[in-house]
Amino acid sequence: MIHEKEVVNYQTGEVELVNDKFVQLYVDKLDLIIEMMGQNPTAVKVFVWLLQHMDKRNALIISQEALAEALSLHRTTIFRCSTYLKEKKALDIYKSGSTNIYAVNVQIAWKSDAYGKKFALFDAAVYIADSEQD
């Protein structure tokens, strides 16, 4: 089932997507999110921020420094939260040079239709902080 629908905005002539800005959460994984809130609320803050910024394939390329800056946290806190979320199997972390690729577990949350799940790690949104630029 596709959750998006293209609609023409007759005032601007632009094609817009209906239901483009949502994240699906699977009910059977809500207990895990509740458990994580009790154990490590900062890690859940990181997790929800990743949900908000990931692309439709559940991935986001971002350095720990940029993630720390975006959340007003220390880079060490981001490392600890990421390690915790990985241990809980809420996300996977892959390296691309000095940058991380965060991939949210598709069995917990998903930002697109179910047909694309098997391709979750191949596309990604890139988030770059101003402080990382020359």
Side-chain angles (χ1 to χ4, degrees):
M1 173 187 331
I2 296 177
H3 297 285
E4 297 172 355
K5 178 172 104 173
E6 291 183 354
V7 176
V8 176
N9 180 327
Y10 291 106
Q11 293 178 342
T12 65
E14 295 179 17
V15 176
E16 299 172 349
L17 293 176
V18 177
N19 293 331
D20 184 39
K21 308 238 184 257
F22 73 98
V23 174
Q24 299 177 67
L25 293 173
Y26 292 96
V27 173
D28 64 337
K29 299 300 182 190
L30 290 178
D31 286 339
L32 173 63
I33 294 171
I34 292 167
E35 174 187 321
M36 292 190 308
M37 274 299 291
Q39 293 175 350
N40 193 336
T42 305
V44 176
K45 178 180 178 178
V46 171
F47 183 72
V48 171
W49 191 93
L50 291 170
L51 291 177
Q52 182 181 12
H53 291 88
M54 69 186 184
D55 67 2
K56 292 183 183 186
R57 305 286 187 199
N58 277 37
L60 177 66
I61 298 174
I62 185 171
S63 67
Q64 286 184 351
E65 291 80 12
L67 188 53
E69 184 178 314
L71 291 166
S72 299
L73 297 171
H74 192 275
R75 193 185 63 75
T76 305
T77 303
I78 294 297
F79 175 78
R80 289 184 184 137
C81 289
S82 299
T83 300
Y84 172 83
L85 292 168
K86 191 171 180 179
E87 288 171 359
K88 289 294 188 178
K89 297 182 178 19
L91 61 88
D92 286 316
I93 305 167
Y94 302 95
K95 296 299 265 180
S96 177
S98 63
T99 301
N100 289 337
I101 302 167
Y102 295 92
V104 172
N105 182 337
V106 298
Q107 299 305 316
I108 296 174
W110 187 248
K111 206 167 191 175
S112 186
D113 63 84
Y115 298 116
K117 284 185 179 182
K118 64 183 177 178
F119 303 109
L121 303 178
F122 296 105
D123 293 334
V126 180
Y127 186 98
I128 301 171
D130 284 339
S131 63
E132 295 178 309
Q133 306 308 306
D134 292 331

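Quick note: residue numbers are just sequence positions, from 1. Every heavy atom of this structure was used, including side-chain atoms; hydrogens, water molecules and symmetry mates were not.
Considering all non-hydrogen atoms of both residues, A109 and L25 come closest at CB-CD2, 3.6 Å. Nearest heavy-atom pair across E35 and Y84 is O-OH, 4.5 Å. A43 approaches L85 most closely through the heavy-atom pair O-CD1, 3.4 Å. The two residues T99 and S63 make their nearest non-hydrogen contact at CG2-N, 3.8 Å.
Taking NZ of K45 as the reference point, atom CG of L71 lies at 5.5 Å (rounded to 0.5 Å). Atom OG in S82 sits 12.0 Å away from atom CG in D92 (nearest 0.5 Å). Here CG of N100 is found 10.0 Å from CD1 of I61. Values are rounded to the nearest 0.5 Å. Note that the CE atom of M54 and the CD atom of Q52 stand 10.5 Å from one another [nearest 0.5 Å].
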Residues L60, I101; criterion side chain to side chain contact (heavy atoms under 4.5 Å, CB included); working and verdict:
CA-CA 6 Å; L60 177 66; I101 302 167; over 6 Å; no

Could you go through the side chain to side chain contact (heavy atoms under 4.5 Å, CB included) check for I93 and L91 one step at a time?
CA-CA 7 Å; I93 305 167; L91 61 88; 3.3 Å; yes

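Under 3.5 Å, the side chains of N58 and K111 contain no donor-acceptor pair of N or O atoms. Inspection of the Y26 and D28 side chains reveals no N or O donor paired with an N or O acceptor under 3.5 Å.
No path of Ile, Leu, Val, Met, Phe, Trp and Tyr side chains, each step under 4.5 Å between heavy atoms, connects I34 with V23, placing them in separate hydrophobic clusters.
Taking the side chain as every heavy atom from C-beta outward, H74 and I78 never approach each other to under 4.5 Å. Counting heavy atoms from C-beta on, the side chains of L67 and L73 never come closer than 4.5 Å. Using a 4.5 Å cut-off on side-chain heavy atoms (C-beta onward), Y102 and I62 make contact. Proximity of F47 to T42: side-chain heavy atoms (C-beta onward) are nowhere separated by under 4.5 Å.
Side-chain atoms of T83 come within 3.5 Å of backbone atoms of F79 as a donor-acceptor pair (strictly under, hydrogens ignored).
With sequence neighbours left out, the side chain to side chain contact (heavy atoms under 4.5 Å, CB included) criterion links L32 to M36, K88, I108. A search for side chain to side chain donor-acceptor pair (under 3.5 Å) contacts involving N105 returns nothing, not counting sequence neighbours.
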